[in-house]
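The block underneath contains the structure these notes are about, expressed in structure tokens.
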Amino acid sequence: MSRIKVRQHVNPLSIIYQQPLISPDWSVVYPDLSAPIHLDIGSAGGRFLLESAQLDREWNFLGIEIREALVIQANRIRDEAGVTNLHYVFGNINISLATLLASLPPGKLQRISIQYPDPCFKNRHAKRRVVQPELVNDIARYLPSGGEVFLQSDLEWVAQEMCDRFSENPAFCRTQPNWLEPNPLAIPTEREIATLNRGLPVHRAIWIRL
């Protein structure tokens with residue numbers, strides 16, 4: 001997959017990222033609207049979703065990414081590969097998640113993944129982190145009972161903080177108290193591959209919508 005130069009980190013609170021997301025016509029995007037949907041929040045260059053969609057044609061895959069250049073590139077590569085059960089949208093998830101989820105075919109969202117989000121190390125930047133209570137509330141509102149939320153990070157404190165936000169919401173239950181090993185998803189992200197190649201641990205958890 002060819003690479004383009006984009007900023008690795010952006011400030012989601014910046015005014016340039018406050019425009020609302022305009023959801024596409026899903027009947028145009030996906031040939032089969034009856035398929036379950038996997039939403040990847042922060043899809044970056046899209047390799048994880050591209051390989052997932054190629055591996056499992058019975059699911060529809062959707063990525064949302066705040067860096068527009070990566071979304072344009074990912075959709076172009078998808079088209080070149082002829083993958084029809086995959087789409088990427090540009091948007092700021094912390095202001096547009098409810099709009100996006102409300103627009104999806106009812107009951108079809110079955111899995112959400114949040115993988116290696118920007119840690120925003122400084123405490124004064126904590127509000128920039130992806131997993132906020134409002135995001136968890138939106139997921140609880142639109143994810144059907146039995147739906148899964150998959151979280152992972154190579155930084156244990158980031159994974160734990162994400163889990164803390166979901167544990168605060170009574171709509172979710174963690175599948176096990178310890179970190180998951182191995183990855184239950186078939187395709188690893190590029191960050192996961194690099195982390196494991198360095199011999200470092202990855203911290204994973206699955207939360208179920210009650």
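Remember, it's a predicted structure, so these values are computed and weren't measured experimentally. Only heavy atoms go into these numbers, but all of them, side chains included; no hydrogens, no water, no symmetry mates.
- At a threshold of 4.5 Å between non-hydrogen side-chain atoms, the residues I208 and I206 count as touching.
- Taking hydrophobic clusters as Ile, Leu, Val, Met, Phe, Trp and Tyr residues chained together by side-chain heavy-atom distances below 4.5 Å, W157 shares a cluster with M162.
- Considering V131, L151, V158 as possible partners of C163, the one that fulfils the side chain to side chain contact (heavy atoms under 4.5 Å, CB included) test is L151.
- Within the 4.5 Å cutoff, the side chain of P144 has no heavy atoms near those of the R209 side chain.
- Taken from CD in Q73 to CD in E65, the straight-line distance is 11.0 Å, to the nearest 0.5 Å.
- Contact of the D164 side chain with the Q160 side chain is registered, since non-hydrogen atoms from C-beta on lie closer than 4.5 Å.
- Contact check for I112 versus I41: side-chain heavy atoms found under the 4.5 Å cut-off.
- A cation-pi arrangement is present between R111 and W59, with the terminal nitrogen or guanidinium carbon under 6.0 Å from the aromatic centre and inside a 45° cone about the axis.
- Closest heavy-atom contact between L185 and N183: N-OD1, 2.8 Å.
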Would you sort out whether H38 and S113 count as a side-chain hydrogen bond (donor to acceptor under 3.5 Å, both in side chains), showing the intermediate values?
-> CA-CA 8 Å; H38 176 155; S113 55; 2.8 Å; yes

Decide salt bridge (Lys or Arg N to Asp or Glu O under 4.0 Å) for E134 and R165; before the verdict, give the C-alpha distance in whole Å, the side-chain angles of both, and the deciding distance to 0.1 Å.
-> CA-CA 10 Å; E134 295 80 9; R165 299 293 81 76; over 6 Å; no

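- Both V71 and V83 sit in one connected hydrophobic cluster of ILVMFWY residues. Membership requires side-chain heavy atoms under 4.5 Å apart, directly or through other members.
- For the pair F48 and D40, the minimum side-chain heavy-atom distance is below 4.5 Å.
- Heavy-atom neighbours of I193 CD1 from other residues, nucleotides or ligands within 6.0 Å: above the threshold of 12.
- Within the model, atoms CG of L62 and CG of L109 stand 8.5 Å from one another, a figure rounded to the nearest 0.5 Å.
- Of the N and O atoms on the side chains of W179 and E156, at least one donor lies less than 3.5 Å from an acceptor on the other residue.
- More than 12 heavy atoms of other residues, nucleotides or ligands sit less than 6.0 Å from atom CZ of R57.
- For E58, the CD atom sits in a loose shell: 12 or fewer heavy atoms of surrounding residues, nucleotides or ligands are nearer than 6.0 Å.
- Checked by atom type and distance alone, the side chain of N85 pairs as donor or acceptor with a backbone atom of A53 at under 3.5 Å.
- Looking at heavy atoms from C-beta onward, Y88 lies in side-chain contact with L50 at the 4.5 angstrom threshold.
- For the atom pair CG (N75) and NE2 (H87), the distance works out to 5.0 Å, reported to the nearest 0.5 Å.
- Between P105 and Y30 the shortest side-chain heavy-atom distance does not fall below 4.5 Å.
- N60 and L33 make their closest contact through ND2-CA, 4.5 Å (heavy atoms, listed as atom of the first residue, atom of the second, distance).
- Listed for the N94 side chain is a donor-acceptor partner under 3.5 Å among the backbone atoms of V130.
- Side chain of R174 to main chain of Q176: a donor-acceptor pair is present (N/O by atom type, distance under 3.5 Å, no hydrogens or angles).
- Heavy-atom minimum distance, L143 versus F172: CD2-CE2, 4.2 Å.
- With hydrogens and angles left out, the side-chain atoms of N137 and N169 include a donor and acceptor closer than 3.5 Å.
- Atom CZ of residue R78 and atom CD of residue Q54 lie 12.0 Å apart, to the nearest 0.5 angstrom.
- Evaluated for a side chain to side chain contact (heavy atoms under 4.5 Å, CB included) with V202, the options L155, T189, T195 yield exactly one hit, T195.
- Taken to the nearest 0.5 Å, the CD1 atom of I139 stands 5.5 Å off from the CG atom of L97.
- With R191 contributing its side chain and Y116 its backbone, the two residues share no donor-acceptor pair below 3.5 Å.
- Between the side chains of W26 and S103, at least one donor N or O sits under 3.5 Å from an acceptor N or O.
- D154 places none of its side-chain heavy atoms less than 4.5 Å from the side chain of P201.
- The nearest pair of heavy atoms linking S153 to A159 is CB-N, 4.1 Å.
- Nearest heavy atom pair, residue I66 against residue F90, reads O-CE1, 2.9 Å.
- Smallest separation of non-hydrogen atoms from V149 and F166: CG1-CZ, 3.6 Å.
- Atom-to-atom distance recorded for S43:OG and I114:CD1 is 12.5 Å, nearest 0.5 angstrom.
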